[in-house]
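Everything below concerns the one structure shown next.
All figures in this text were calculated on a predicted structure; none of them were measured in a lab. Chain naming here is simple, since letters A, B, ... match the order of the sequence lines and numbering starts at 1 in each.
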2 protein chains.
Amino acid sequence: MAKTDRVEPSRRDAGEEQGSLRQLMEELPLWKRPGYLIRRVHQLHYALFFEEVGESDITPVQYGLMTILSTNPDIDQIAIATKLGIDRTNVADVLRRLERAGLVERRQSEVDRRAKLVRLTQAGREMLSRHYPDMTRAQARLLACLDAKQRDAFLDALVTIIEANNQFGRSSLTNEAGGTETKISKGRKKRSTE
Amino acid sequence: MAKTDRVEPSRRDAGEEQGSLRQLMEELPLWKRPGYLIRRVHQLHYALFFEEVGESDITPVQYGLMTILSTNPDIDQIAIATKLGIDRTNVADVLRRLERAGLVERRQSEVDRRAKLVRLTQAGREMLSRHYPDMTRAQARLLACLDAKQRDAFLDALVTIIEANNQFGRSSLTNEAGGTETKISKGRKKRSTE
DNA sequence: GATAAAAAAGGGGTATACTGATCGATAATA
DNA sequence: TATTATCGATCAGTATACCCCTTTTTTATC
């Protein structure tokens, strides 16, 4: 980690005033915080994905969304959000870009004129197939440093965490299974528009 | 096609046209893709962080940046980017918000007039201390579903992955250790501005 | 059938994150 | 010294991701 980057190495004694905070940090530095580590790994996956799939201008989220469409044609945007685990407004953004690229098409549902049903175009299906090996390679490279047992345990832990916490956030899966009203955005505090 | 919109779970047989793609997806569906799972966990951590620390309008990245400042006062922005593992342009964005909130202050370095040295204000230090328990609680809650052994293995795997892949992305740590010229944004493909 | 509740989509706003490019200051070299 | 290369910061642009709020349509209730 190399404590002394470019900044003067000896410059650390300026933190006198911090006092107890300093030792607080030593108890639980960044590299012990799961949230920090997960953010880093998340970014690494993005970088690997772009390196493997990059020239197609497709992002991991877009690929994931199209994966869902491939097995769920004519789905509406909220159902996509639920399955993908992202916010519904974000789904609309992603779909707009995919539609602009000609990879999906949206049309009004005749049954429910509020809903817009989405499906892959032929180009979308081809894109998905063509880059499937690339996507898989990106996934594999990310975990290449772990042996099979570690890898399984790691994926297991991720799934466990998601299932144990999926009541949080707008993108939870709760609104299809449990019909209680205390589900969406209940625990979120507002960000105070400032 | 277009029968049921809203898409019931049992509605999977509509994917006739996809053919081989469909079975491709069954081999490696979303829930087997580490990148997808990590994104979900990343978002869950954000949600938990906001639930615990939320009323302060502080984000995980901002808290992490201030944590670094607490042990590295008078650091420049590129050094922050290296330590935090984010892009340097993003550091500038985050700092701008923190400065606006009065939590950090920037001043020109006298030694190197290109550099702007950053440090916490008193308000920043207080904020960091005050919400330390909240932040810790958010971290703990995320992994509360794992037992101690799983937790250690999980954190271990995260660190392993980061260290094994840290040559990717603008936010890598490589440019301090290895002095070769092939380091930054070498493997990235451009996104083709469309 | 009229009214109220809920659902789907969209608009507006903000934060994170990265790319490419530029620009001023410093360092290294001719 | 003058030129060149590099470094730190910043700007413009884009994508992801979330919030709140509104509009339109549907469904449920009276």
Side-chain angles (χ1 to χ4, degrees), chain A residues 5-7 39-40 42-43 46-47 50 54 57-62 64-65 75-82 84-98 100-101 106 108-109 111-118 168-171 175 181 184-185 188-194, chain B residues 5-6 39-40 42-43 46-47 49-50 54 57-62 64-65 75-82 84-98 100 106 108-109 111-118 168-172 175 181 184-185 188-194:
Chain A
D5 319 6
R6 49 216 74 220
V7 165
R39 183 177 58 72
R40 301 284 312 248
H42 176 237
Q43 287 170 203
Y46 258 71
F50 283 126
D57 266 358
I58 276 291
T59 69
V61 170
Q62 290 170 5
L65 199 159
I75 195 177
D76 68 281
Q77 300 185 188
I78 290 189
I80 293 173
T82 302
L84 240 196
I86 66 181
D87 191 89
R88 39 177 143 73
T89 63
N90 191 20
V91 168
D93 287 337
V94 176
L95 282 177
R96 188 171 36 73
R97 291 175 209 116
L98 288 174
R100 195 177 56 194
R106 282 188 290 181
Q108 210 79 25
S109 165
V111 202
D112 183 344
R113 274 205 304 286
R114 295 170 302 181
K116 283 190 177 174
L117 304 185
V118 189
F168 301 110
R170 248 207 208 180
S171 45
N175 37 340
E181 73 295 325
I184 285 279
S185 84
R188 302 303 282 273
K189 270 109 176 176
K190 45 216 52 170
R191 311 284 301 282
S192 113
T193 65
E194 156 232 9
Chain B
D5 345 344
R6 202 52 190 86
R39 182 176 60 70
R40 299 287 309 251
H42 177 237
Q43 287 171 202
Y46 257 71
F49 187 95
F50 283 123
D57 268 357
I58 278 291
T59 69
V61 171
Q62 291 171 5
L65 199 157
I75 195 177
D76 68 281
Q77 299 186 188
I78 290 190
I80 293 173
T82 303
L84 241 196
I86 66 181
D87 189 87
R88 58 182 186 285
T89 63
N90 191 20
V91 168
D93 287 338
V94 176
L95 281 178
R96 187 170 38 71
R97 289 174 212 118
L98 288 175
R100 195 177 55 194
R106 283 188 289 181
Q108 210 80 24
S109 165
V111 204
D112 183 346
R113 273 204 303 288
R114 295 170 299 183
K116 283 189 178 174
L117 303 185
V118 189
F168 300 109
R170 248 202 206 181
S171 47
S172 74
N175 38 338
E181 71 298 322
I184 286 278
S185 81
R188 304 301 284 274
K189 269 113 176 174
K190 45 216 52 167
R191 311 283 298 283
S192 115
T193 65
E194 158 223 10

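The CG-P distance, from A/Leu98 to D/dA15, rounds to 10 Å in whole Å. Counting to the nearest Å, the P atom of C/dG24 and the CD atom of B/Gln108 are 14 Å from each other. For A/Arg88 and D/dT23, the CZ to P distance is 17 Å, given to the nearest whole Å. In this structure, the CZ atom of A/Phe50 is 15 Å from the C1' atom of C/dG20, given to the nearest Å. Between the CG atom of B/Leu95 and the C1' atom of D/dA9 there is a distance of 11 Å, given to the nearest Å. Per the geometry, CD1 belonging to B/Ile75 stands 10 Å off P belonging to D/dA9, to the nearest Å. Atom CG of B/Leu84 is separated from atom P of C/dA15 by 17 Å (rounded to the nearest Å). Distance B/Ile78 CD1 to D/dT6 C1': 11 Å, rounded to the nearest Å.
In this structure, the nucleotide among D/dT16, C/dT16, D/dG8 sitting nearest to the side chain of A/Asn90 is D/dT16. Among the nucleotides C/dA15, D/dT16, C/dT19, the one closest to any side-chain atom of A/Arg97 is D/dT16. If you check C/dA9, D/dT16, D/dA9 against the side chain of A/Lys116, the one that comes closest is C/dA9. Side chain of B/Gln43, nearest nucleotide from C/dG10, C/dA17, D/dC18: D/dC18. With C/dT16, D/dA17, C/dA9 as the choices, the nucleotide that has an atom nearest any side-chain atom of A/Ile86 turns out to be D/dA17.
Note on A/Arg39: every side-chain N or O is 4.0 Å or more away from OP1 and OP2 of C/dT16. For D/dT16, one of the phosphate oxygens OP1 or OP2 lies less than 4.0 angstrom from a side-chain nitrogen or oxygen of A/Gln62. Regarding contacts with the backbone of C/dT14, every side-chain N or O of B/Arg100 stays at 4.0 angstrom or more from both OP1 and OP2.
Here B/Arg106 pairs with B/Glu99 under the salt bridge (Lys or Arg N to Asp or Glu O under 4.0 Å) rule; sequence neighbours left out. A/Arg113 pairs by the side-chain hydrogen bond (donor to acceptor under 3.5 Å, both in side chains) definition with nothing, not counting sequence neighbours.
Within the 4.0 angstrom heavy-atom criterion, only backbone atoms of the sugar-phosphate kind lie near B/Asp112; the bases stay farther away.
The base of D/dC19 sits with one of its N or O atoms less than 3.5 Å from a complementary donor or acceptor on the side chain of A/Thr89. In this model, a side-chain donor or acceptor of A/Arg114 finds a partner on the base of C/dA7 within 3.5 Å.
Checking B/Ala92 against A/Asp93, the closest nucleotide of DNA chain D that is more toward the 5' end is the one next to B/Ala92. Each of B/Arg96 and B/Arg113 was matched to the nucleotide of DNA chain C holding its nearest heavy atom; the match closer to the 5' end belongs to B/Arg96. Between A/Gln77 and B/Pro60, the one whose closest nucleotide on DNA chain C sits nearer the 5' end is A/Gln77.
Contact record, B/Ile58 with B/Phe50: O-CE2, 3.7 Å, taken as the closest heavy-atom pair.
Checked against B/Asp112 for a side chain to side chain donor-acceptor pair (under 3.5 Å), the options B/Lys116, B/Arg114, B/Gln108 give a single hit: B/Arg114. Of the candidates B/Val94, B/Asp57, B/Leu95, B/Gln62 forms a side chain to side chain contact (heavy atoms under 4.5 Å, CB included) with just one, namely B/Val94.
The CD atom of B/Gln77 lies 12.0 Å from the OG1 atom of B/Thr82; values are rounded to the nearest 0.5 Å.
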